[in-house]
Number of protein chains: 2
Amino acid sequence: MEMHQLRYFAAVARTGNFSRAARECRVAQPSLSQQILKLEDEVGERLFERTQRQALLTPAGSLFLPHALSILEAAERGRQEIREMGGQVRGKILLGALPTIAPYFLPDIIRSFRTKYPGVELIIMRRPRNNSFVV
Amino acid sequence: MEMHQLRYFAAVARTGNFSRAARECRVAQPSLSQQILKLEDEVGERLFERTQRQALLTPAGSLFLPHALSILEAAERGRQEIREMGGQVRGKILLGALPTIAPYFLPDIIRSFRTKYPGVELIIMRRPRNNSFVV
DNA sequence: TAATATTACGTATTACGTAAAGATT
DNA sequence: AATCTTTACGTAATACGTAATATTA
């Protein structure tokens, strides 16, 4: 049971159609079909009733769907929470740097750091224990 | 974010040690390490603080852990429910078969079917609309 | 030195896409 | 004929294990 298999499964359940699901998942339709078959093989039951018109959830499929959705949701929320946490890191960092070479590599580093941790106050020092200034 | 990465992540979180986690997951330790690094790369944050003694969850890791666990649990429960459902399919099936050839291929089919669906009553007919008997 | 995690790299697995074949309306 | 799914098969991506390289107690 792999993540992408669950994505494909959910898409087929939602659209009721392998081809449409494949388009939504941006994958070739036979590839999606293979992965659905593989998932069905692993759980030991057919998940869809394939008719010409549409792919309908079997009883096993209906039973499995909420679990698949909760997995996909948990994954998304996990990602989201960590992403949001980026902005919640707070504090101060005192950073010593040699004025002669700092301009060559510090700007890029500082820019990416401040994007990732806007809550952190960066303090760059020309030399230790003296003349600090906030960037 | 792949299923096995979440398994590895949960194992490291539980054992506090990459090597022990790798043994539990029956995978080489460098392979597990790679997958953890890959997961960290995807979510954009370190999930563990690596010290010599142990691997401790970072704030991001602590935030992510419950989601990972809920994913693994949902996967297990999905599998389990489908497995249990096998015994819940009920009904009757009327099956026509030619007595001359049925003995050669029916027994295996019937045996596996009854194992999978013990709640289904199989009725085999010697010839249509007459002399049915329950196997 | 011992115990740990990471990097390097070759191998084996596997998900993919294209093409062809079935199946059904 | 048209629409949809599965099968076949070669290719590309990737997870794996072994070995080597840090890193720190």
Side-chain angles (χ1 to χ4, degrees), chain A residues 1-62 64-65 68 71-72 75 78-79, chain B residues 1-62 64-65 68 71-72 75 78-79:
Chain A
M1 185 187 308
E2 299 303 326
M3 229 55 178
H4 60 273
Q5 293 172 350
L6 299 176
R7 273 199 308 277
Y8 299 168
F9 168 70
V12 175
R14 184 157 40 77
T15 64
N17 180 301
F18 278 55
S19 305
R20 234 176 306 160
R23 275 193 296 276
E24 287 195 11
C25 295
R26 287 134 189 269
V27 71
Q29 188 273 323
S31 301
L32 179 141
S33 185
Q34 281 180 344
Q35 293 304 309
I36 296 288
L37 289 170
K38 202 166 179 183
L39 180 58
E40 290 177 325
D41 190 54
E42 183 193 332
V43 301
E45 298 279 347
R46 280 253 145 168
L47 297 172
F48 295 105
E49 190 72 39
R50 279 84 154 168
T51 74
Q52 282 318 108
R53 292 256 158 270
Q54 54 187 345
L56 285 171
L57 284 167
T58 59
S62 305
F64 190 65
L65 180 59
I71 288 172
L72 295 172
R79 268 188 284 261
Chain B
M1 186 186 308
E2 298 303 326
M3 229 55 177
H4 60 272
Q5 293 173 349
L6 299 176
R7 273 200 308 277
Y8 300 166
F9 168 70
V12 174
R14 183 159 40 76
T15 64
N17 180 302
F18 277 56
S19 305
R20 236 176 304 160
R23 276 194 294 276
E24 287 195 13
C25 295
R26 287 134 190 269
V27 71
Q29 187 273 322
S31 300
L32 179 139
S33 184
Q34 281 180 346
Q35 294 304 310
I36 296 288
L37 288 171
K38 203 167 177 183
L39 180 59
E40 290 178 325
D41 190 55
E42 182 194 331
V43 302
E45 297 279 347
R46 280 253 145 166
L47 297 172
F48 295 105
E49 191 72 39
R50 280 83 155 169
T51 75
Q52 283 315 110
R53 293 256 157 269
Q54 55 188 344
L56 285 172
L57 284 167
T58 60
S62 305
F64 190 65
L65 181 59
I71 288 173
L72 295 172
R79 269 188 282 261

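Keep in mind it's a predicted model, so treat the numbers as computed, not measured. Quick note on labels: first sequence line is chain A, next is B, and so on, each numbered from 1.
- For E42(A) and dT14(C), the CD to C1' distance is 14 Å, given to the nearest whole Å.
- Rounded to whole Å, atom C1' of dT14(C) lies 8 Å from atom CD of Q35(A).
- In terms of position on DNA chain D, the residue among P30(A) and R53(A) whose nearest nucleotide sits closer to the 5' end is R53(A).
- In this entry the distance linking CD of Q29(B) with C1' of dA3(C) reads 11 Å, nearest Å.
- The nearest pair of heavy atoms linking I36(A) to Y8(A) is CD1-C, 3.9 Å.
- Side chain of T15(B) to main chain of R20(B): no donor-acceptor pair is present (N/O by atom type, distance under 3.5 Å, no hydrogens or angles).
- Among the protein residues, Y8(A) comes within range of the sugar-phosphate backbone only, with heavy atoms under 4.0 Å from sugar or phosphate atoms but none that close to a base.
- Separating the CD atom of E49(A) from the C1' atom of dT24(C) is a distance of 14 Å, rounded to the nearest angstrom.
- Among the atoms of the strands shown, base atoms are found under 4.0 Å from some heavy atom of Q34(A).
- The NZ atom of K38(B) sits 14 Å away from the P atom of dT7(C) (whole-angstrom rounding).
- Taking both residues in full, the closest heavy atoms of E45(A) and A60(A) are given as CB-CB, 3.8 Å, listed atom of the first, atom of the second, then distance.
- On the nucleic acid side, DNA chain D contacts chain A at distances under 4.0 Å to non-hydrogen atoms, with the end points of that region at dT3(D) to dC9(D).
- Atom-to-atom, CG of L6(A) to P of dA15(C) comes out at 13 Å; the value is rounded to the nearest Å.
- Note: F48(A) and F18(A) have perpendicular aromatic rings, judged against thresholds of 30 and 60 degrees for the angle between ring planes.
- With respect to the salt-bridge test (charged N to carboxylate O, under 4.0 angstrom), the residues K38(A) and E2(A) do not qualify.
- Straight-line distance from the CD atom of E40(B) to the C1' atom of dT6(C): 12 Å, rounded to whole Å.
- One finds no side-chain N or O of S31(A) lying less than 4.0 angstrom from the OP1 or OP2 phosphate oxygen of dA15(C).
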Quiz item: Under the side-chain contact (heavy atoms from CB on, under 4.5 Å) criterion, do L6(B) and F64(B) qualify, and how do the steps go?
Solution: CA-CA 10 Å; L6(B) 299 176; F64(B) 190 65; 3.8 Å; yes
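- We find the CG-CG distance between L56(B) and N17(B) to be 11.0 Å, quoted to the nearest 0.5 Å.
- We find that CE of M3(A) is positioned 15 Å from P of dA15(C), with the value rounded to whole Å.
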